[in-house]
Amino acid sequence: MYHVKKIDSPIMLEINYIEENKAHVIKRLEKRNLHDAADKIEQILAINQQRKETQLALDTASSQVNQITKQIEQLLETKNKEKLESLKAQSRALKTGIKELESQLNRYKDVLQHLLYELPNLPHEKVPIGKDATENQIVYQVENIPLYTKDKLPHWELVAKFDIIDFDLGNKLTGAGFPVYKGKGARLQRALINFFLDEAIKAGYEEIQPPILVNKDSAYGTGQLPDKEGQMYELVNEPLYLIPTAEVPVTNLYRGQILSEDKLPIRHVAYTPCFRREAGSWGSHVRGLNRLHQFDKVEIVQITLPEISYQTLEGMRSYVESLVQKLELPYRVVALCGGDLGFTSAFTYDIEVFSVGQNRWLEVSSISNFETYQANRMQLRYKNSGGFKHLLHTLNGSAIALPRIMAALLELNFVEGKIKIPTILRNYTGFDYIS
RNA sequence: GGAGUGGUGACCGAGCGGUUGAAGGUGCUCGCCUGGAAAGCGGGUGUACCUCUAAAAGGGUACCGAGGGUUCGAAUCCCUCCCACUCCGCCA
């Protein structure tokens with residue numbers, strides 16, 4: 001059986017913060033519309049109190065045993081057998097109580113760990129108030145959104161017309177949500193991947209090719225577990241998960257590390273396929289490439305000092321914007337409101353491109369600052385010049401997820417019966433049109 | 001799949017029942033030396049939890065892959081599991 005490593009420290013760090021900032025924590029959690037936030041926090045603190053009391057009782061008893069052991073050591077040479085035996089008996093008697101206390105303590109720790117693992121990150125103060133996606137705040141939008149006209153086709157019609165992506169073949173091989181890219185469709189996708197990777201490398205990100213299967217420790221580290229249990233594909237004969245995003249393996253590269261300041265910031269880019277079960281989220285609005293079980297994504301990850309992480313977030317945002325600009329796609333940037341914010345994130349920007357064939361915005365990138373949330377779970381820290389250890393901040397962003405970019409790109413550039421490839425991609429595709 | 005070796009601190013590496021939170025080294029750090037550096041010399045340098053503090057200092061407990069057992073006492077002995085490496089086989 002696979003055993004998730006129990007980590008004492010992050011739990012306790014976090015619990016102390018909660019204890020000292022109870023009102024603040026509850027208020028922030030309520031921003032997520034977590035209505036029972038106060039109850040949850042009270043419950044956590046109550047169990048923590050019991051944990052402390054048990055710890056104290058256990059330490060006291062253990063200390064007594066240690067005292068007796070020392071006395072025995074001294075007595076070994078004098079041959080006072082009776083005294084020796086009575087001390088041994090005393091120690092044995094204490095032992096049963098110790099065992100009881102130990103198992104009690106472990107129970108409290110387990111419960112506490114579960115409760116804390118199920119607590120989402122605290123939203124940053126700038127996160128807009130709101131209950132769902134409709135209340136996200138648009139922070140930027142291009143001025144001229146292309147007009148939807150009847151000659152604009154949704155991408156699922158275009159890809160069928162030009163025979164570049166085949167959903168039926170995917171159904172045959174695997175099932176819904178696993179499309180087959182063919183010919184110029186495959187080449188366009190590969191061109192985009194290479195373009196995104198090259199751009200990231202130019203921007204100073206180091207490329208990584210991680211495993212696309214990860215173990216439980218990794219999935220807990222970045223917070224996919226326990227929150228997204230059931231959303232990941234899990235192997236039946238090994239306790240491994242197919243990654244839902246490169247964020248998982250790439251961030252976990254640094255799990256358990258104490259980095260020196262001169263190594264920071266860490267900047268990585270990785271291209272990987274991503275796998276998501278998307279259980280219960282299918283409907284007519286997710287036709288074609290809009291939602292898939294397997295898709296390709298280029299992901300950027302940064303690990304930075306806490307004091308600059310929001311600057312870093314802005315940098316990542318403008319980097320992703322530069323990509324959609326170079327692809328000449330109309331886009332907007334939204335700040336996710338409390339109700340729409342992901343479980344692990346403290347602040348998230350979504351980049352959405354306009355789909356002229358569907359007359360709607362499509363999310364192509366999500367750029368988040370997790371602050372210390374993931375670092376805390378992963379025990380990812382740095383040592384400053386004074387020798388003090390602090391948790392780092394982790395961030396990541398899609399740069400960019402392929403399917404919807406592909407969809408928007410095909411739809412926008414379908415003019416006069418053929419699809420024009422954006423100038424910047426032509427060196428990568430080796431062709432200028434799909435016709 | 002078969003056979004074997006091994007998992008110790010930021011890192012390398014000793015220890016194989018009591019004075020070991022853990023030798024030695026590297027790294028880091030402070031001081032001396034120097035015009036400055038290198039070398040050299042001397043000192044310091046694990047983590048977490050509990051307790052005590054306004055805070056620090058202090059006190060206690062636990063931790064040598066994980067879990068359990070033996071013992072007054074376990075890094076050291078026993079059991080189970082996990083992981084890594086090596087050789088053979090098979091295979092991209």
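Every chain is numbered from 1 and lettered A, B, ... according to where its sequence line falls, protein lines coming before strand lines.
Judged by Watson-Crick or G-U wobble contacts below 3.5 Å, the nucleotide B:A74 has no partner. Nucleotide B:A39 has no partner under the Watson-Crick or G-U criteria, as no pair reaches both atom distances under 3.5 Å. When both distances must be under 3.5 Å, the Watson-Crick or G-U wobble mate of B:C87 is B:G2. Pairing partner, B:G44: B:C28, with both Watson-Crick or wobble hydrogen-bond distances short of 3.5 Å. In this entry B:C52 has no Watson-Crick or G-U wobble partner, no candidate having both defining distances under 3.5 Å. Base pairing analysis places B:A57 opposite nothing; no Watson-Crick or G-U wobble pair with both distances below 3.5 Å involves it. Judged by Watson-Crick or G-U wobble contacts below 3.5 Å, the nucleotide B:G7 has B:C82 as its partner.
Comparing the same atom, P, in B:U20 and in B:A74 gives a spacing of 16 Å after rounding to whole Å. Rounded to whole Å, the C1' atom of B:A75 lies 14 Å from the corresponding atom of B:G13. For the P atoms, the distance from B:C32 to B:G25 is 23 Å, rounded to whole Å. Between the P atoms of B:U26 and B:C33, the separation comes to 23 Å (whole Å). Separation of the P atoms belonging to B:G17 and B:C87 is 33 Å when rounded to the nearest angstrom. Comparing B:A23 with B:A39, their P atoms sit 24 Å apart, to the nearest whole Å. B:U8 sits 23 Å from B:U71 when the C1' atoms are compared, rounded to a whole Å. Using C1' as the reference atom, B:A62 and B:G42 are 34 Å apart when rounded to the nearest Å.
A:Gln55 comes within contact range of the sugar-phosphate backbone alone, with a heavy-atom separation under 4.0 Å but no base atom that close. Residue contacts shown for A:Lys83 are absent, as no nucleic acid heavy atom lies under 4.0 Å away. The residue A:Ser91 sits close only to the backbone: its heavy atoms come under 4.0 Å of sugar-phosphate atoms, none of a base.
Classification of the A:Tyr117-A:Tyr220 ring pair by plane angle, with boundaries at 30° and 60°, yields tilted. Taking the six-membered ring for Trp and thresholds of 30 and 60 degrees, A:Phe347 and A:Tyr310 have ring planes more than 60 degrees apart, a perpendicular arrangement.
Look at CG on A:Asp217: it is 13 Å from P on B:A66, rounded to the nearest Å. Atom pair A:Gln64:CD and B:U61:P shows a separation of 11 Å (rounding to whole Å applied). B:G73 atom P lies 16 Å from atom CG of A:Leu75, rounded to whole Å. In this structure, A:Asn66 atom CG and B:A62 atom P are separated by 5 Å, rounded to whole Å. A:Leu101 places its CG atom 13 Å from the C1' atom of B:C50, with the value rounded to the nearest Å. Computed from coordinates, the A:Leu58 CG to B:G60 P distance equals 16 Å when rounded to whole Å. Going from atom NZ of A:Lys109 over to atom C1' of B:A62 covers 8 Å, rounded to whole Å. Rounded to whole Å, atom C1' of B:G73 lies 15 Å from atom CD of A:Gln90.
No hydrogens or angles were tested; on distance alone, nothing pairs the side chain of A:Lys70 with the base of B:U19 as donor and acceptor under 3.5 Å.
Across A:Asn136, A:Leu336, A:Leu313, a single residue satisfies side chain to side chain contact (heavy atoms under 4.5 Å, CB included) together with A:Tyr349, and that is A:Leu313.
Taking the nucleotide of RNA chain B with the nearest heavy atom to each of A:Lys99 and A:Arg92, the more 5' of the two is matched to A:Lys99. With the nearest nucleotide of RNA chain B identified for both A:Gln67 and A:Leu87, A:Gln67 has the one nearer the 5' end.
In this structure, of B:C72, B:A62, B:U47, it is B:A62 that holds the atom nearest to the side chain of A:Ser62. Closest contact between the side chain of A:Lys52 and the listed nucleotides B:U61, B:U51, B:U47 involves B:U51. Of the candidate nucleotides B:U71, B:G18, B:C50, B:C50 has the atom lying nearest to any side-chain atom of A:Asp59. Taking the side chain of A:Leu56 as heavy atoms from C-beta on, and the options B:G60, B:U51, B:C72, the nearest nucleotide is B:U51.
Geometrically, A:Lys184 engages A:Phe431 in a cation-pi contact, judged by NZ or CZ lying under 6.0 Å from the ring centre and within 45° of the ring axis. Remark: A:Arg381 fails to qualify as a cation-pi partner of A:Tyr254 under the 6.0 Å distance and 45° angle criteria applied to the six-membered ring.
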- [ ] Show your reasoning for whether side chain to side chain contact (heavy atoms under 4.5 Å, CB included) applies to A:Ile303 and A:Tyr382.
- [x] CA-CA 10 Å; A:Ile303 298 171; A:Tyr382 73 101; over 6 Å; no
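Applying the 4.0 Å criterion to OP1 and OP2 of B:U61, one finds that A:Ser63 has a side-chain N or O inside that range. Look at A:Arg51 and you won't find any side-chain N or O under 4.0 angstrom from OP1 or OP2 of B:C49.
Heavy-atom contacts from other residues, nucleotides or ligands closer than 6.0 Å to CD of A:Glu42 number more than 12.
Taking CD of A:Gln43 as the reference point, atom CG of A:Leu112 lies at 10.0 Å (rounded to 0.5 Å).
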